[in-house]
Amino acid sequence: HYAFWTGQEMLVWGGTPAGGGPSLSTGARYDPLADRWTSLATLNAPQTSFPVVDLAGQFMVVWGGYDENFAYQRSGGRYDLMTDSWSPVSLMNAPGASDLRNFVSVGNEIIVWDGSYSQGYRYDPRIDQWSRTTSTGGPSFRYGAMAVWTGREVVVWGGNTPSGFYLVDG
């Protein structure tokens, strides 16, 4: 499952049910001051297993993952915390279907580094728009890299090559 602190409450989404089975497309919000859980809306919520998820401003963004046949998904959804509603993520200029990406929130946007294409993307959920970043100086093709936001830049580090060689660069 995924969990985020919004500044006022904890947001929990997805995960796998006890005993296995398909991933859940449900969630809840926890208000510690009221000691109360509230279910998230599920209408139009993405139906996917093992997506990348992050919180950007008032939106929780879910992207990619696998379908029931374990095929990569090039789709997603954005949950609006203010309206308790889901809407689909635009596919125009969006990353390809892959599981080699890093998803990092940078305030009101998401930065994505897609290791399978060695390409970066920016997503603004407020206007539902993708744009590419420069790939000049970016990391090479890699599996399993980690990415963090320093407050000024995204750092992508490590991972491994398709042959299993561990990378110590970024």
Side-chain angles (χ1 to χ4, degrees), residues 1-4 6 11-29 39-81 83-133 135 138-149 154 156-162 164:
H1 69 276
Y2 303 89
F4 303 97
T6 69
L11 191 64
V12 179
W13 188 82
T16 304
S23 291
L24 302 171
S25 293
T26 60
R29 301 163 81 143
S39 294
L40 300 182
T42 56
L43 180 66
N44 298 321
Q47 304 292 312
T48 186
S49 296
F50 304 106
V52 286
V53 181
D54 214 330
L55 193 63
Q58 75 182 51
F59 296 94
M60 177 175 59
V61 180
V62 176
W63 181 255
Y66 304 91
D67 67 11
E68 64 278 355
N69 298 314
F70 297 101
Y72 298 136
Q73 297 298 290
R74 185 179 184 253
S75 62
R78 56 193 170 126
Y79 174 77
D80 188 326
L81 280 74
T83 63
D84 184 34
S85 63
W86 287 93
S87 56
V89 169
S90 170
L91 298 180
M92 183 178 284
N93 300 318
S98 165
D99 70 342
L100 304 179
R101 58 179 61 89
N102 296 101
F103 217 55
V104 179
S105 174
V106 296
N108 288 319
E109 289 187 322
I110 300 284
I111 304 295
V112 179
W113 182 257
D114 192 331
S116 61
Y117 297 102
S118 296
Q119 177 62 56
Y121 299 84
R122 296 173 74 144
Y123 177 69
D124 187 336
R126 297 168 297 182
I127 58 174
D128 189 29
Q129 186 172 4
W130 291 96
S131 59
R132 284 189 170 200
T133 68
S135 58
S140 60
F141 178 94
R142 59 193 60 224
Y143 295 101
M146 297 300 297
V148 295
W149 173 242
V154 175
V156 178
W157 186 261
N160 59 307
T161 67

For [X], enumerate each residue passing the side chain to side chain contact (heavy atoms under 4.5 Å, CB included) test, keeping only those at least two apart in sequence or located in another chain.
X    : result
D67  : N69, A71, Q73
W149 : V104, V106, V154
S39  : none

Ring pair (Phe, Tyr, Trp, His ring centres under 6.0 Å) partners of F59, counting only residues at least two apart: none
Any sub-3.5 Å donor-acceptor pair from [X]'s side-chain atoms to [Y]'s backbone N or O?
X    : Y    : value
N160 : G144 : no
T48  : G64  : yes
Y2   : P51  : yes
S105 : L55  : yes
W130 : P95  : no
W86  : P46  : no

For [X], check side chain to side chain donor-acceptor pair (under 3.5 Å) against everything at least two apart and list the hits.
X    : answer
S85  : T83
T42  : none
Q47  : none
T161 : S163

Pairs where residues 49-62 contributes a residue and the test side chain to side chain donor-acceptor pair (under 3.5 Å) is met, not counting sequence neighbours: S23-S49, Q58-D80
Using salt bridge (Lys or Arg N to Asp or Glu O under 4.0 Å) as the criterion, list what pairs up with [X], not counting sequence neighbours.
X    : answer
D84  : none
R74  : none
R122 : E109

Non-hydrogen atoms of V12 and H1 that approach each other most closely: CG1-CD2, 3.8 Å
Close aromatic pair by centroid cut-off 6.0 Å: Y143 and F141: yes
